[in-house]
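Some notes on the structure that comes next.
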Number of protein chains: 2
Amino acid sequence: MKDNPMFAPAQVGRAGEDVALQIEAAIMDGRVKPGERLPSERDLHVQFHTSRGVVREALRALKQKGLVEVKKGARGGAFVKEAELHNASESLALFLKLQRISPQFLIEFRESMDRTITTLAIARAGDEEKQLLLEETILLETLLNEEDPDMETVHELDRKLNIRLAQMTKNPVFEWIMRAVQLGLSSHDDVLYDDAGYRKRTASNWRETAQGIADGEPFRALSHIGYHYVMLQKCIAEKAGQASVQDTSVQDGDFWESMPDIPGP
Amino acid sequence: MKDNPMFAPAQVGRAGEDVALQIEAAIMDGRVKPGERLPSERDLHVQFHTSRGVVREALRALKQKGLVEVKKGARGGAFVKEAELHNASESLALFLKLQRISPQFLIEFRESMDRTITTLAIARAGDEEKQLLLEETILLETLLNEEDPDMETVHELDRKLNIRLAQMTKNPVFEWIMRAVQLGLSSHDDVLYDDAGYRKRTASNWRETAQGIADGEPFRALSHIGYHYVMLQKCIAEKAGQASVQDTSVQDGDFWESMPDIPGP
DNA sequence: TAGATCTTAATGGTCCTGCCATTCATTTGT
DNA sequence: ACAAATGAATGGCAGGACCATTAAGATCTA
């Protein structure tokens with residue numbers, strides 16, 4: 001109790017923060033569970049002895065944080081949301097974009113994750129799981145050998161394979177991190193499939209990776225993982241070489257002038 | 001694009017969202033730069049043809065998102081913030097907290113991360129950084145040899161060391177993960193320092209890890225990382241053996257009753 | 001003149017009151 | 001039994017008012 005929040009007794013000028021914190025605390029320690037409905041704004045602003053605007057701003061902050069979801073109309077209100085990775089991914093993407101961080105870092109991170117995940121998956125996954133993974137990589141290969149492969153399906157299957165592999169570690173943290181990275185950033189693997197010169201090699205490399213996993217051969221599997229990322233790097237480098245035009249958006253005059261009005265009621 | 005969220009195109013009853021999106025867009029493409037000040041709420045609500053409350057809620061959302069910082073008083077207002085990794089880490093930490101994950105999974109994940117990070121840090125960090133890391137581990141050791149070490153300082157230093165190591169990879173993604181794990185979970189390393197039997201070994205092991213990094217000896221450094229986690233596992237197992245009482249927080253009656261009121265003005 | 005103090009204007013924070021649009025349960029009509 | 005109208009609860013928005021805080025400018029004092 002040394003960090004007792006009562007130390008800062010609702011300083012004026014920040015009541016909204018307190019309301020948000022108290023509701024967040026209630027969610028965090030499970031006093032209100034996902035799916036449940038919070039009292040209405042009109043009820044809350046009475047319970048908190050504040051104005052309704054304060055409660056609204058607090059709820060807006062919690063909504064932005066991904067903790068609640070707000071519905072209009074009768075039986076509407078603020079509902080506690082199930083925990084989602086979406087916000088975390090979005091925040092990371094926001095940072096990377098604002099800082100102009102190179103995709104290389106994401107790729108490097110993914111490769112290191114893939115190596116760890118593969119090692120763990122070989123050690124812990126059951127034979128059925130390994131077989132299933134292998135079959136799906138074969139399906140991927142089949143898809144890419146068709147006349148006009150549906151790239152949307154291909155991309156989706158690739159993501160699914162990555163997630164499945166992460167699940168085979170039996171450690172959910174790896175799955176979450178994988179999902180977060182997939183959600184936030186365009187996985188960049190897409191370019192490998194979009195390029196006719198790489199897609200077949202990529203798919204067969206996936207299959208051989210899965211084969212290595214199924215055979216319980218970590219080094220073989222890891223070799224193919226390495227090959228995957230070598231191809232990815234080369235492919236991206238080629239793309240960058242083609243279109244090196246950087247679209248640096250112009251900024252002439254006052255920005256706010258260009259802001260369209262929101263139509264009033 | 002099958003999950004296109006654009007299905008709900010700026011329906012009325014969401015003016016606040018539009019305002020937030022427009023300001024965010026202005027920040028994202030650099031029409032307003034970090035450090036610059038946005039127009040006041042009273043100016044904005046005129047420009048947007050909305051009420052002031054709408055603008056306030058939008059700004060609150062942007063603040064929660066970490067894009068702006070709001071100051072009171074004359075010459076106050078909303079200032080565009082420099083992109084900070086902190087917000088992104090916080091989002092991921094929030095998710096991890098809500099998942100109530102077993103410490104074992106987190107520890108396994110952390111060890112795998114530590115190994116990758118250490119390898120990269122050895123390869124990329126400058127000599128000064130490596131020396132600084134080493135000196136700080138020595139400081140940690142010194143602190144723990146004192147009569148009555150300030151554990152708060154110790155824990156803080158340990159966190160700082162982990163972040164520094166992550167930064168030495170020159171890849172911000174690793175720092176993101178590290179910060180998120182620290183924020184989201186009670187770092188569990190704390191128990192190592194809190195136990196008199198482990199703290200000195202832990203600290204000297206940290207120093208030897210840093211020494212291995214400074215010497216550019218990956219295997220030696222990784223050995224010590226392994227030793228750290230062996231100790232951590234043992235320490236946690238011992239603690240669990242002692243006190244196996246699980247504090248499952250009770251939930252009697254309506255939670256909201258227990259919410260203290262915020263004093264009105 | 002230099003420093004301290006007071007005044008003032010700008011700004012975010014809060015409160016209030018009222019009204020509208022949406023949504024769902026209920027009632028009513030066919 | 002089904003459809004349509006009704007009503008109530010709720011979030012979304014508008015506009016106005018006042019307070020607390022802050023920094024810059026004006027004033028006073030030594």
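Per chain, numbering begins at 1; letters A, B, ... match sequence-line order. Quick caveat, the model's predicted, so the values are computed rather than measured.
- A:Leu44 has its CG atom 17 Å from the P atom of D:dA9, to the nearest Å.
- B:His155 and B:Asp194 share a donor-acceptor pair across their side chains, judged by distance under 3.5 Å alone.
- Rounded to whole Å, the distance from CD on B:Glu69 to C1' on C:dG13 is 17 Å.
- Across the protein-nucleic acid pair, B:Phe48 atom CZ and D:dA14 atom P stand 12 Å apart, rounded to whole Å.
- When distances are taken from the side chain of A:Ala74 to each of C:dA25, D:dA8, C:dC15, the shortest belongs to D:dA8.
- Between the NE2 atom of B:His45 and the C1' atom of C:dG13 there is a distance of 16 Å, rounded to whole Å.
- Nucleotide C:dA25 holds its P atom 12 Å from the NZ atom of A:Lys71, rounded to whole Å.
- In this structure the side chain of A:Leu92 never reaches within 4.5 angstrom of the side chain of B:Leu92, judged on heavy atoms.
- A straight line from CZ of B:Arg75 to P of C:dG12 spans 12 Å, rounded to a whole angstrom.
- When rounded to the nearest whole Å, the span between CG of B:Leu59 and P of C:dT11 equals 13 Å.
- In this structure, A:Gly53 reaches neither bases nor backbone, as no heavy-atom distance under 4.0 Å exists between it and the strands shown.
- Among the nucleotides C:dG13, D:dG11, D:dC13, the one closest to any side-chain atom of B:Val54 is D:dC13.
- Applying the 6.0 Å contact sphere to CD of B:Glu69 captures more than 12 heavy atoms from other residues, nucleotides or ligands.
- Taking atom CG on B:Asp43 and atom P on C:dA9, their separation rounds to 17 Å, with Å as the unit.
- In terms of position on DNA chain C, the residue among A:Gly73 and A:Ser51 whose nearest nucleotide sits closer to the 5' end is A:Ser51.
- Remark: side-chain polar atoms of A:Arg52 are not paired, donor with acceptor, to backbone N or O of A:Arg42 under 3.5 angstrom.
- Taking only distance into account, the side chain of A:Arg52 meets the base of D:dG12 through a donor-acceptor pair shorter than 3.5 Å.
- Below the 3.5 angstrom threshold, one finds a donor paired with an acceptor across the side chain of A:Arg42 and the base of D:dG11.
- Contact check for A:Glu90 versus B:Ser91: no side-chain heavy atoms found under the 4.5 Å cut-off.
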